[in-house]
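What follows is one structure encoded as structure tokens, with my remarks underneath.
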2 protein chains.
Amino acid sequence: MGALDGIVGFHIRLAHGAVYRHFTETFVDLGLTQKQVSLLWVVGDEPGVAQIELGQRLRMDRATTMTIVNRLEQRGYVQRRRSNSDGRKQALYLTAEGQAALAEAKSCIASHEAWLQARFTSDEVKKLVELLTRIHE
Amino acid sequence: MGALDGIVGFHIRLAHGAVYRHFTETFVDLGLTQKQVSLLWVVGDEPGVAQIELGQRLRMDRATTMTIVNRLEQRGYVQRRRSNSDGRKQALYLTAEGQAALAEAKSCIASHEAWLQARFTSDEVKKLVELLTRIHE
DNA sequence: GTTGAATTGTATGCTTTACTAACAAATGTG
DNA sequence: CACATTTGTTAGTAAAGCATACAATTCAAC
């Protein structure tokens, strides 16, 4: 085996770390994490989505999804209501505060993404997303 | 703002998660994590490296580096010795067990990387690493 | 239609990673 | 020499992930 720099997984880990750190800085005032923002985002896009579907979309198991939904519910951003069509499922909805937080978060994401994409041309961004998608799909 | 799929940071997070999960599966028998393996790898490449330098190479702060070195020391894979040139520094070395574990880990990394790179041509791998490097450098 | 399997949510506990703050020892600088 | 910086260390906090177990609901087989 050659050097650590030749390992693709290593670069993904480092890049993720760098993005995560910048994300945290950007969101320190809002007090939201990556997972919390993406969860809010999905619930905003699909009101009434069930926890299990959320987890599948964000690649989290049920227990992890619970933790994050719990925190967002405690903060008053998300509401649980029993689903009409399937009594096992919890349908999730944003509160007014949740919608406001999501709107703020989206503008923070915009500046975070600008920082990230500043080092790429738009073709490179497209290529990068395409390559990364092959990993997580 | 458009959809979550348009956010580069989101794809990096998902790709990292997928790689992390496969890594964990691959290393469940060895009982090593990504961080532990990369730390062993660096110490193997540069015997006598100080903790602070390790942290810089792997983008970890001192406290986090401590945690991981502690675990590897408890397992008997790594040794701390006070540096001769600078009394503040701890020089790190692999034990014989550490070297054996690293050798095994490298062969696990090889199959993990094969799984990861199977979806890319070698040109794409090169491109991906180049793009990711711009993020974490 | 009832029984048994699968799905979904929930609760609990454990592990890893990451960060902050404070302190001590060694080193470097004025 | 006095003071600041670097490095290691400890302790505490928090997020995220996973496994397990259990209850309620739904689905499937018979």
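First the proteins, then the strands, lettered A, B, ... as listed; each starts at 1. Atoms considered below: every heavy atom in the structure, side chains included; atoms not considered: hydrogens, waters and symmetry mates.
Judged purely by atom type and a 3.5 angstrom limit, Thr64(A) has no side-chain atom pairing as donor or acceptor with the backbone of Met60(A). Distance alone, capped at 3.5 Å, places no donor-acceptor pair between the Gln51(A) side chain and the Met66(A) backbone.
In terms of phosphate contacts, Lys35(A) brings a side-chain nitrogen or oxygen within less than 4.0 Å of OP1 or OP2 of dG17(D). Between Thr65(B) and the phosphate of dG8(D), there is no side-chain N or O to OP1/OP2 separation shorter than 4.0 Å. A sub-4.0 Å separation between OP1 or OP2 of dT9(D) and a side-chain N or O of Gln90(B) is present.
The CZ atom of Arg21(B) sits 15 Å away from the C1' atom of dA19(D) (whole-angstrom rounding). The distance from atom CZ of Phe27(A) to atom P of dA16(D) is 13 Å, rounded to the nearest whole Å. Per the geometry, CE belonging to Met60(A) stands 12 Å off C1' belonging to dA15(D), to the nearest Å. For Asp61(A) and dA19(D), the CG to C1' distance is 9 Å, given to the nearest whole Å. Atom CD1 of Ile52(B) is separated from atom P of dG8(D) by 6 Å (rounded to the nearest Å). Atom-to-atom, CZ of Arg88(B) to P of dA4(D) comes out at 16 Å; the value is rounded to the nearest Å. Rounded to whole Å, the distance from CD on Glu25(B) to C1' on dC18(D) is 12 Å. Rounded to whole angstrom, the span from the CD atom of Gln36(A) across to the P atom of dA15(D) amounts to 7 Å.
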* Asked: Between Glu130(B) and Lys127(B), is a salt bridge (charged side-chain N to carboxylate O under 4.0 Å, His left out) present by the stated rule, with each step listed?
  -> CA-CA 5 Å; Glu130(B) 196 249 297; Lys127(B) 186 72 180 169; 3.8 Å; yes

* Step-by-step salt bridge (charged side-chain N to carboxylate O under 4.0 Å, His left out) determination, Arg57(A) to Glu46(A) -> CA-CA 12 Å; Arg57(A) 233 164 274 257; Glu46(A) 306 176 47; 2.9 Å; yes

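Nucleotides of DNA chain C nearest to Gly17(A) and Arg62(B) differ in position, and the one nearer the 5' end is that of Gly17(A). Between Tyr20(A) and Arg59(A), the residue whose closest nucleotide on DNA chain D is further toward the 5' end is Tyr20(A).
The distance from atom CG of Leu39(A) to atom OH of Tyr77(A), rounded to the nearest 0.5 Å, is 13.5 Å.
By the 4.0 Å N-to-carboxylate-O rule, Glu53(A) lies close enough to Lys89(A) to be salt-bridged with it. At a threshold of 4.0 Å, the pair Glu124(B)-Arg119(B) does not count as salt-bridged, since none of the basic side-chain nitrogens sits closer than that to a carboxylate oxygen.
Nucleic acid contact for Thr33(A): sugar-phosphate only, since backbone atoms but no base atoms lie under 4.0 Å from a heavy atom of the residue.
Checking Arg81(B) against Gln90(B) by side-chain atom types alone, no donor-acceptor pair falls below 3.5 Å. No side-chain N or O of Asn70(A) forms a donor-acceptor pair with one of Thr67(A) less than 3.5 Å apart. Side-chain contact check for Asp86(A) and Ser83(A): no donor-acceptor pair (N or O, by modelled atom type) lies under 3.5 Å.
The nucleotide whose nearest atom lies closest to any side-chain atom of Ala63(B) is, among dA11(D), dA16(D), dG8(D), dA11(D).
The minimum heavy-atom distance between Leu94(B) and Gly44(B), with the atom names listed, is CD1-CA, 3.6 Å.
Looking at residues 66-84 of chain B, you'll see Met66(B), Arg80(B) sit with a heavy atom under 4.0 Å from some atom of DNA chain D.
Protein chain B contacts DNA chain C from dT16(C) to dT27(C), reading 5' to 3' and using non-hydrogen atoms of the protein with a distance under 4.0 Å.
Between its opening and closing five pairs, the helix from dG1(C)-dC30(D) to dG30(C)-dC1(D) changes axis direction by 30°, a value rounded to 10 degrees.
Between His112(A) and His22(A), the ring planes are parallel. Angles under 30° get that label, and only those over 60° would be called perpendicular.
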